[in-house]
Amino acid sequence: VVAYNTMVVAYAQNGHLESSKLLFDRTPQKNTASWNGIMNAYVQAGKLDLARKIFNIIPCKDVVSWSSMVSAYAQVGHIEEADALFASMPNPNVVTYNTMIMAYSQNGRLDRAKKTFDEMPERDLITWNAMVSAYAQNGRPDNAKLVFDKMPQRNLVSMNGLMSAFGLNGETSKAIDFFDSMEQKDLISWSSALAAYSQDGNLDGARKLFDKMPEWNVVSFTTMITAYSGKGRVEEAKLVFDSMPEHDLIAYNALLVGYAQNGYLSDAERIFFSMPAKNLETLHAIMAAYAQHMHLSEAKTVLNTMPVRTTLSWNTLIAAYALNGHMQEARVLFEILPKADVGTWNSMISGFAKAGHGKSAIDLFLEMAVEGFVPD
RNA sequence: CAUCUAUCUAGCAUU
(Lines give C-alpha, C1' and ligand atoms only; values in the text may rest on other atoms or scores of the structure.)
Protein backbone atom coordinates (compact mmCIF):
# COMPACT_ATOMS: atom_id res chain seq x y z
CA VAL A 1 0.00 0.00 0.00
CA VAL A 2 2.76 2.40 0.95
CA ALA A 3 4.47 1.85 -2.40
CA TYR A 4 1.25 2.56 -4.25
CA ASN A 5 0.56 5.65 -2.20
CA THR A 6 4.03 6.97 -2.92
CA MET A 7 3.58 6.44 -6.65
CA VAL A 8 0.15 8.10 -6.69
CA VAL A 9 1.66 11.22 -5.17
CA ALA A 10 4.73 11.15 -7.38
CA TYR A 11 2.66 11.04 -10.56
CA ALA A 12 0.42 13.82 -9.31
CA GLN A 13 3.41 16.05 -8.62
CA ASN A 14 4.51 15.62 -12.20
CA GLY A 15 1.11 16.50 -13.54
CA HIS A 16 0.04 12.98 -14.45
CA LEU A 17 -3.34 12.80 -12.83
CA GLU A 18 -4.48 9.95 -15.07
CA SER A 19 -1.63 7.74 -13.93
CA SER A 20 -2.35 8.62 -10.32
CA LYS A 21 -5.94 7.60 -10.82
CA LEU A 22 -5.03 4.27 -12.40
CA LEU A 23 -2.63 3.44 -9.60
CA PHE A 24 -5.12 4.44 -6.96
CA ASP A 25 -7.74 2.17 -8.49
CA ARG A 26 -5.28 -0.71 -8.43
CA THR A 27 -4.13 -0.06 -4.86
CA PRO A 28 -4.87 -3.11 -2.73
CA GLN A 29 -6.20 -2.58 0.79
CA LYS A 30 -6.53 1.19 0.52
CA ASN A 31 -5.93 3.05 3.74
CA THR A 32 -6.76 6.62 4.62
CA ALA A 33 -3.40 7.84 3.33
CA SER A 34 -4.31 6.35 -0.08
CA TRP A 35 -7.52 8.36 -0.13
CA ASN A 36 -5.77 11.49 1.07
CA GLY A 37 -3.15 11.03 -1.62
CA ILE A 38 -5.61 10.80 -4.50
CA MET A 39 -7.62 13.68 -3.10
CA ASN A 40 -4.53 15.85 -3.04
CA ALA A 41 -3.70 14.73 -6.55
CA TYR A 42 -6.96 16.31 -7.67
CA VAL A 43 -6.19 19.44 -5.68
CA GLN A 44 -2.80 19.64 -7.37
CA ALA A 45 -4.50 19.37 -10.76
CA GLY A 46 -6.78 22.26 -9.86
CA LYS A 47 -9.88 20.06 -9.72
CA LEU A 48 -11.18 21.29 -6.42
CA ASP A 49 -14.78 20.13 -6.92
CA LEU A 50 -13.72 16.57 -7.60
CA ALA A 51 -11.36 16.67 -4.65
CA ARG A 52 -14.27 17.68 -2.49
CA LYS A 53 -16.33 14.76 -3.83
CA ILE A 54 -13.54 12.40 -2.88
CA PHE A 55 -13.30 14.01 0.53
CA ASN A 56 -16.98 13.37 1.05
CA ILE A 57 -16.67 9.64 0.39
CA ILE A 58 -13.44 8.90 2.26
CA PRO A 59 -14.45 6.05 4.55
CA CYS A 60 -12.41 6.96 7.63
CA LYS A 61 -11.38 10.59 7.44
CA ASP A 62 -8.45 11.51 9.62
CA VAL A 63 -7.01 14.89 10.55
CA VAL A 64 -4.89 14.85 7.38
CA SER A 65 -8.00 14.48 5.21
CA TRP A 66 -9.63 17.43 6.89
CA SER A 67 -6.51 19.57 6.91
CA SER A 68 -5.82 18.82 3.26
CA MET A 69 -9.27 19.99 2.27
CA VAL A 70 -9.02 23.12 4.39
CA SER A 71 -5.68 23.86 2.81
CA ALA A 72 -7.05 23.25 -0.69
CA TYR A 73 -9.75 25.84 -0.22
CA ALA A 74 -7.30 28.27 1.34
CA GLN A 75 -4.83 27.99 -1.54
CA VAL A 76 -7.39 29.16 -4.07
CA GLY A 77 -8.61 31.94 -1.83
CA HIS A 78 -11.92 30.34 -0.85
CA ILE A 79 -11.48 31.52 2.67
CA GLU A 80 -15.13 31.13 3.69
CA GLU A 81 -15.17 27.45 2.74
CA ALA A 82 -11.86 26.89 4.49
CA ASP A 83 -13.22 28.64 7.52
CA ALA A 84 -16.44 26.64 7.55
CA LEU A 85 -14.66 23.34 7.17
CA PHE A 86 -12.19 24.28 9.86
CA ALA A 87 -15.00 25.19 12.23
CA SER A 88 -16.81 21.91 11.63
CA MET A 89 -13.90 19.52 11.82
CA PRO A 90 -13.54 17.23 14.79
CA ASN A 91 -9.91 17.45 15.93
CA PRO A 92 -7.80 20.15 14.33
CA ASN A 93 -4.13 19.83 15.08
CA VAL A 94 -1.25 22.25 14.93
CA VAL A 95 -0.93 21.82 11.15
CA THR A 96 -4.58 22.75 10.66
CA TYR A 97 -4.19 25.86 12.76
CA ASN A 98 -1.03 26.78 10.85
CA THR A 99 -2.92 26.38 7.60
CA MET A 100 -5.59 28.78 8.79
CA ILE A 101 -3.03 31.35 9.92
CA MET A 102 -1.55 31.31 6.42
CA ALA A 103 -4.97 31.40 4.80
CA TYR A 104 -6.07 34.44 6.78
CA SER A 105 -2.77 36.16 6.23
CA GLN A 106 -2.84 35.65 2.47
CA ASN A 107 -6.33 37.07 2.32
CA GLY A 108 -5.44 40.19 4.23
CA ARG A 109 -7.14 39.08 7.44
CA LEU A 110 -4.27 39.75 9.79
CA ASP A 111 -6.65 40.12 12.71
CA ARG A 112 -8.01 36.60 12.20
CA ALA A 113 -4.50 35.22 11.79
CA LYS A 114 -3.43 36.75 15.09
CA LYS A 115 -6.58 35.51 16.81
CA THR A 116 -5.95 31.99 15.60
CA PHE A 117 -2.37 32.22 16.78
CA ASP A 118 -3.47 33.39 20.22
CA GLU A 119 -6.17 30.77 20.61
CA MET A 120 -4.45 27.65 19.39
CA PRO A 121 -3.64 25.07 22.04
CA GLU A 122 -0.03 24.53 21.00
CA ARG A 123 2.43 26.10 18.63
CA ASP A 124 5.42 24.79 16.73
CA LEU A 125 8.23 26.44 14.82
CA ILE A 126 6.11 26.65 11.69
CA THR A 127 3.41 28.48 13.64
CA TRP A 128 5.87 31.16 14.67
CA ASN A 129 7.34 31.39 11.17
CA ALA A 130 3.85 31.68 9.72
CA MET A 131 3.15 34.59 12.04
CA VAL A 132 6.36 36.35 10.98
CA SER A 133 5.25 35.83 7.40
CA ALA A 134 1.73 37.09 8.18
CA TYR A 135 3.11 40.39 9.43
CA ALA A 136 5.53 40.54 6.51
CA GLN A 137 2.76 40.09 3.96
CA ASN A 138 0.49 42.62 5.59
CA GLY A 139 2.80 45.56 5.83
CA ARG A 140 3.92 45.18 9.44
CA PRO A 141 7.67 44.62 9.51
CA ASP A 142 7.96 45.91 13.09
CA ASN A 143 5.48 43.32 14.34
CA ALA A 144 7.31 40.66 12.37
CA LYS A 145 10.45 41.64 14.23
CA LEU A 146 8.65 41.48 17.59
CA VAL A 147 7.43 37.97 16.86
CA PHE A 148 10.88 36.98 15.66
CA ASP A 149 12.45 38.22 18.87
CA LYS A 150 9.89 36.42 20.98
CA MET A 151 9.87 33.02 19.31
CA PRO A 152 11.35 30.14 21.29
CA GLN A 153 13.51 28.78 18.46
CA ARG A 154 14.46 30.01 15.04
CA ASN A 155 15.67 28.41 11.86
CA LEU A 156 16.77 29.63 8.46
CA VAL A 157 13.15 30.04 7.39
CA SER A 158 12.62 32.43 10.30
CA MET A 159 15.66 34.45 9.29
CA ASN A 160 14.66 34.60 5.64
CA GLY A 161 11.13 35.45 6.68
CA LEU A 162 12.21 38.42 8.74
CA MET A 163 14.52 39.64 6.00
CA SER A 164 11.68 39.60 3.50
CA ALA A 165 9.47 41.35 6.05
CA PHE A 166 11.90 44.24 5.75
CA GLY A 167 12.44 43.88 2.02
CA LEU A 168 8.79 43.62 1.07
CA ASN A 169 7.95 46.73 3.03
CA GLY A 170 10.53 49.10 1.73
CA GLU A 171 13.01 48.76 4.58
CA THR A 172 15.78 47.83 2.24
CA SER A 173 18.73 48.75 4.39
CA LYS A 174 17.36 46.78 7.34
CA ALA A 175 16.91 43.80 5.04
CA ILE A 176 20.46 44.05 3.76
CA ASP A 177 21.94 44.62 7.22
CA PHE A 178 20.13 41.58 8.45
CA PHE A 179 21.27 39.58 5.45
CA ASP A 180 24.88 40.60 6.09
CA SER A 181 24.60 39.53 9.71
CA MET A 182 23.36 36.05 8.88
CA GLU A 183 25.80 33.27 9.59
CA GLN A 184 24.03 30.71 7.41
CA LYS A 185 22.58 31.60 4.04
CA ASP A 186 20.82 29.53 1.45
CA LEU A 187 19.67 30.34 -2.05
CA ILE A 188 16.47 31.81 -0.68
CA SER A 189 18.43 34.18 1.55
CA TRP A 190 20.40 35.44 -1.42
CA SER A 191 17.30 35.73 -3.59
CA SER A 192 15.45 37.63 -0.88
CA ALA A 193 18.26 40.13 -0.58
CA LEU A 194 18.34 40.45 -4.35
CA ALA A 195 14.59 41.06 -4.38
CA ALA A 196 15.02 43.73 -1.71
CA TYR A 197 17.46 45.64 -3.92
CA SER A 198 15.29 45.16 -6.96
CA GLN A 199 12.12 46.39 -5.37
CA ASP A 200 14.02 49.39 -4.03
CA GLY A 201 15.06 50.26 -7.55
CA ASN A 202 18.72 49.71 -6.68
CA LEU A 203 19.90 48.08 -9.87
CA ASP A 204 23.53 48.54 -8.99
CA GLY A 205 23.17 46.81 -5.64
CA ALA A 206 21.21 44.04 -7.26
CA ARG A 207 23.80 43.47 -9.98
CA LYS A 208 26.69 43.39 -7.49
CA LEU A 209 24.88 40.95 -5.24
CA PHE A 210 23.89 38.81 -8.21
CA ASP A 211 27.53 38.54 -9.29
CA LYS A 212 28.54 37.50 -5.77
CA MET A 213 25.96 34.75 -5.43
CA PRO A 214 27.35 31.26 -4.90
CA GLU A 215 24.68 29.78 -7.14
CA TRP A 216 21.72 30.89 -9.21
CA ASN A 217 18.35 29.54 -10.06
CA VAL A 218 15.40 30.63 -12.12
CA VAL A 219 14.24 32.93 -9.31
CA SER A 220 17.49 34.88 -9.09
CA PHE A 221 17.63 35.30 -12.86
CA THR A 222 14.04 36.46 -12.99
CA THR A 223 14.65 38.98 -10.24
CA MET A 224 17.43 40.47 -12.35
CA ILE A 225 15.11 40.64 -15.35
CA THR A 226 12.67 42.62 -13.23
CA ALA A 227 15.44 44.84 -11.88
CA TYR A 228 16.64 45.76 -15.37
CA SER A 229 13.12 46.20 -16.72
CA GLY A 230 12.23 48.49 -13.86
CA LYS A 231 14.97 50.83 -15.02
CA GLY A 232 13.84 50.67 -18.63
CA ARG A 233 16.85 48.54 -19.62
CA VAL A 234 14.93 45.97 -21.59
CA GLU A 235 17.85 44.88 -23.73
CA GLU A 236 19.85 43.88 -20.69
CA ALA A 237 16.76 42.19 -19.30
CA LYS A 238 16.60 40.19 -22.49
CA LEU A 239 20.30 39.29 -22.16
CA VAL A 240 19.65 37.94 -18.68
CA PHE A 241 16.69 35.99 -20.03
CA ASP A 242 18.82 34.52 -22.80
CA SER A 243 21.56 33.57 -20.37
CA MET A 244 19.23 31.50 -18.21
CA PRO A 245 19.73 27.76 -18.47
CA GLU A 246 15.99 27.21 -18.45
CA HIS A 247 12.89 29.35 -18.56
CA ASP A 248 9.74 28.89 -16.59
CA LEU A 249 6.42 30.64 -16.98
CA ILE A 250 7.26 33.38 -14.51
CA ALA A 251 10.48 34.23 -16.34
CA TYR A 252 8.51 34.68 -19.54
CA ASN A 253 5.94 36.78 -17.74
CA ALA A 254 8.64 39.01 -16.27
CA LEU A 255 10.17 39.62 -19.70
CA LEU A 256 6.76 40.28 -21.24
CA VAL A 257 5.89 42.77 -18.52
CA GLY A 258 9.26 44.43 -18.93
CA TYR A 259 8.59 45.06 -22.60
CA ALA A 260 5.00 46.10 -21.99
CA GLN A 261 5.73 48.58 -19.24
CA ASN A 262 8.45 50.24 -21.25
CA GLY A 263 6.29 50.79 -24.28
CA TYR A 264 7.43 47.89 -26.45
CA LEU A 265 4.06 46.46 -27.28
CA SER A 266 5.10 44.46 -30.32
CA ASP A 267 7.95 42.81 -28.41
CA ALA A 268 5.54 42.00 -25.62
CA GLU A 269 3.15 40.51 -28.16
CA ARG A 270 5.92 38.48 -29.73
CA ILE A 271 6.80 36.97 -26.36
CA PHE A 272 3.13 36.41 -25.63
CA PHE A 273 2.54 34.41 -28.79
CA SER A 274 5.76 32.45 -28.44
CA MET A 275 5.17 31.35 -24.87
CA PRO A 276 4.86 27.61 -24.35
CA ALA A 277 2.33 28.10 -21.56
CA LYS A 278 0.36 30.96 -20.11
CA ASN A 279 -1.37 31.63 -16.85
CA LEU A 280 -3.68 34.31 -15.46
CA GLU A 281 -0.79 36.68 -14.84
CA THR A 282 0.25 36.42 -18.49
CA LEU A 283 -3.23 37.29 -19.68
CA HIS A 284 -3.58 40.17 -17.26
CA ALA A 285 -0.22 41.52 -18.33
CA ILE A 286 -1.01 41.45 -22.03
CA MET A 287 -4.44 42.95 -21.38
CA ALA A 288 -2.84 45.83 -19.50
CA ALA A 289 -0.29 46.23 -22.28
CA TYR A 290 -3.02 46.51 -24.89
CA ALA A 291 -4.84 48.97 -22.68
CA GLN A 292 -1.82 51.23 -22.29
CA HIS A 293 -1.55 51.42 -26.05
CA MET A 294 -5.26 52.07 -26.45
CA HIS A 295 -5.86 48.73 -28.12
CA LEU A 296 -9.09 48.28 -26.25
CA SER A 297 -10.71 45.76 -28.54
CA GLU A 298 -7.70 43.43 -28.24
CA ALA A 299 -7.84 43.81 -24.47
CA LYS A 300 -11.50 42.92 -24.51
CA THR A 301 -10.87 39.90 -26.72
CA VAL A 302 -8.33 38.63 -24.18
CA LEU A 303 -10.90 38.83 -21.41
CA ASN A 304 -13.55 37.15 -23.52
CA THR A 305 -11.30 34.24 -24.45
CA MET A 306 -9.88 33.60 -21.00
CA PRO A 307 -10.50 30.08 -19.73
CA VAL A 308 -11.19 31.40 -16.23
CA ARG A 309 -11.79 34.93 -15.07
CA THR A 310 -11.18 36.32 -11.62
CA THR A 311 -12.16 39.66 -10.19
CA LEU A 312 -8.66 40.81 -11.03
CA SER A 313 -9.26 39.95 -14.69
CA TRP A 314 -12.31 42.17 -14.74
CA ASN A 315 -10.47 44.88 -12.84
CA THR A 316 -7.72 44.85 -15.43
CA LEU A 317 -10.13 45.49 -18.28
CA ILE A 318 -12.10 48.04 -16.27
CA ALA A 319 -8.88 49.89 -15.53
CA ALA A 320 -8.02 49.67 -19.21
CA TYR A 321 -11.22 51.44 -20.22
CA ALA A 322 -11.11 53.85 -17.30
CA LEU A 323 -7.56 55.00 -17.93
CA ASN A 324 -8.40 55.66 -21.55
CA GLY A 325 -11.36 57.77 -20.60
CA HIS A 326 -13.98 55.29 -21.77
CA MET A 327 -16.01 55.56 -18.63
CA GLN A 328 -19.28 54.39 -20.14
CA GLU A 329 -17.77 51.03 -21.14
CA ALA A 330 -16.03 50.80 -17.78
CA ARG A 331 -19.35 51.42 -16.08
CA VAL A 332 -21.03 48.65 -18.06
CA LEU A 333 -18.35 46.17 -17.02
CA PHE A 334 -18.57 47.43 -13.47
CA GLU A 335 -22.26 46.58 -13.39
CA ILE A 336 -22.00 43.14 -14.95
CA LEU A 337 -18.91 41.80 -13.22
CA PRO A 338 -19.78 38.98 -10.85
CA LYS A 339 -17.89 40.15 -7.78
CA ALA A 340 -16.27 43.53 -7.16
CA ASP A 341 -13.47 44.20 -4.71
CA VAL A 342 -11.62 47.27 -3.49
CA GLY A 343 -9.44 47.20 -6.60
CA THR A 344 -12.51 47.42 -8.82
CA TRP A 345 -13.71 50.51 -7.02
CA ASN A 346 -10.25 52.03 -7.13
CA SER A 347 -10.09 51.57 -10.88
CA MET A 348 -13.45 53.21 -11.39
CA ILE A 349 -12.70 56.10 -9.05
CA SER A 350 -9.33 56.87 -10.58
CA GLY A 351 -10.88 56.60 -14.03
CA PHE A 352 -13.44 59.28 -13.24
CA ALA A 353 -10.81 61.40 -11.54
CA LYS A 354 -8.49 61.19 -14.52
CA ALA A 355 -11.31 62.02 -16.91
CA GLY A 356 -11.93 65.20 -14.95
CA HIS A 357 -15.20 64.00 -13.43
CA GLY A 358 -14.25 64.80 -9.88
CA LYS A 359 -17.81 64.73 -8.70
CA SER A 360 -18.47 61.25 -10.07
CA ALA A 361 -15.25 60.08 -8.44
CA ILE A 362 -16.30 61.39 -5.07
CA ASP A 363 -19.82 60.02 -5.43
CA LEU A 364 -18.39 56.63 -6.18
CA PHE A 365 -16.04 56.88 -3.24
CA LEU A 366 -18.97 57.55 -0.94
CA GLU A 367 -21.05 54.83 -2.54
CA MET A 368 -18.26 52.35 -2.00
CA ALA A 369 -18.52 52.71 1.77
CA VAL A 370 -22.29 52.26 1.56
CA GLU A 371 -21.72 49.01 -0.30
CA GLY A 372 -19.51 47.84 2.54
CA PHE A 373 -16.08 48.23 0.98
CA VAL A 374 -13.25 49.69 3.01
CA PRO A 375 -11.04 52.11 1.05
CA ASP A 376 -7.36 51.22 1.08
C1' C B 1 9.45 1.02 16.97
C1' A B 2 9.02 2.24 11.56
C1' U B 3 7.73 3.41 5.67
C1' C B 4 3.11 6.79 2.24
C1' U B 5 -0.71 11.88 2.54
C1' A B 6 -1.87 18.13 4.96
C1' U B 7 0.96 23.70 7.18
C1' C B 8 6.16 28.24 7.14
C1' U B 9 10.71 31.93 3.84
C1' A B 10 12.79 34.35 -2.42
C1' G B 11 11.09 36.06 -8.65
C1' C B 12 5.96 37.82 -12.71
C1' A B 13 0.01 40.42 -13.31
C1' U B 14 -4.90 45.26 -12.30
C1' U B 15 -5.66 50.00 -9.53
Side-chain angles (χ1 to χ4, degrees), chain A residues 1-9 31-41 43 62-72 74 93-103 124-134 136 155-165 167-168 186-196 198-199 217-227 229 248-258 260 279-288 291 311-320 322-323 342-351 376:
Chain A
V1 200
V2 173
Y4 275 92
N5 292 351
T6 307
M7 292 299 289
V8 165
V9 172
N31 58 19
T32 302
S34 319
W35 285 94
N36 295 343
I38 191 68
M39 178 177 72
N40 282 303
V43 172
D62 62 7
V63 65
V64 176
S65 324
W66 285 89
S67 302
S68 301
M69 203 62 229
V70 169
S71 167
N93 64 10
V94 64
V95 174
T96 328
Y97 280 99
N98 292 344
T99 303
M100 289 312 297
I101 290 179
M102 290 306 297
D124 62 10
L125 180 54
I126 293 187
T127 314
W128 287 92
N129 287 344
M131 214 50 223
V132 171
S133 158
N155 62 5
L156 195 47
V157 172
S158 328
M159 307 273 179
N160 292 339
L162 181 62
M163 189 195 352
S164 72
L168 290 173
D186 64 4
L187 188 50
I188 295 187
S189 322
W190 285 91
S191 302
S192 304
L194 191 64
S198 168
Q199 97 121 39
N217 66 3
V218 59
V219 174
S220 32
F221 281 107
T222 304
T223 306
M224 282 312 295
I225 292 177
T226 306
S229 301
D248 68 1
L249 179 52
I250 297 186
Y252 274 102
N253 284 348
L255 186 65
L256 188 161
V257 168
N279 64 3
L280 265 182
E281 280 89 342
T282 318
L283 298 168
H284 293 163
I286 197 74
M287 237 199 289
T311 296
L312 197 47
S313 317
W314 290 90
N315 291 355
T316 305
L317 190 62
I318 289 175
L323 292 178
V342 186
T344 320
W345 288 84
N346 290 347
S347 298
M348 289 298 294
I349 293 170
S350 45
D376 61 7

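Throughout, a chain's letter reflects where its sequence line sits, starting with A, and its residues are numbered from 1.
Qualifying side-chain contact (heavy atoms from CB on, under 4.5 Å) partners for A:Asp124, counting only residues two or more places apart in sequence or in other chains: A:Val94, A:Asn98, A:Ile126, A:Thr127. Among residues two or more places apart in sequence or in another chain, the side-chain contact (heavy atoms from CB on, under 4.5 Å) test is passed with A:Gln199 by none. Annotation: ring-ring contact (aromatic ring centres under 6.0 Å, His included) contacts of A:Tyr252 (sequence neighbours excluded): A:Phe241, A:His247. Partners of A:Ser67 by side-chain contact (heavy atoms from CB on, under 4.5 Å), not counting sequence neighbours, listed by chain and number: A:Val63, A:Met89, A:Asn93, A:Thr96. Checked against ring-ring contact (aromatic ring centres under 6.0 Å, His included), A:Trp66 has the following partners two or more places apart in sequence or in another chain: A:Phe55.
A:Ser191 comes within 4.0 angstrom of a nucleotide base, judged by non-hydrogen atoms across all strands. Residue A:Asp186 is out of contact with every strand shown, counting any heavy-atom pair closer than 4.0 Å. Residue A:Thr222 is in base contact, counting any heavy-atom pair closer than 4.0 Å across all strands shown. Across all strands, A:Asn93 comes closer than 4.0 Å to base atoms (heavy-atom distances). Across all strands, A:Leu194 comes closer than 4.0 Å to no nucleic acid atom at all (heavy-atom distances). Across all strands shown, A:Val64 has heavy atoms under 4.0 Å from base atoms, whether or not it also approaches the sugar-phosphate. The residue A:Ser67 sits close to a base: some heavy atom pair falls under 4.0 Å. Across all strands, A:Val218 comes closer than 4.0 Å to base atoms (heavy-atom distances). Within 4.0 Å (heavy atoms only), A:Asn279 reaches no atom of the nucleic acid at all.
On the nucleic acid side, RNA chain B has its first and last nucleotide under 4.0 Å of a heavy atom of chain A at B:U3 to B:U15, going 5' to 3'.
A donor-acceptor contact closer than 3.5 angstrom links the side chains of A:Asn253 and A:Asn279.
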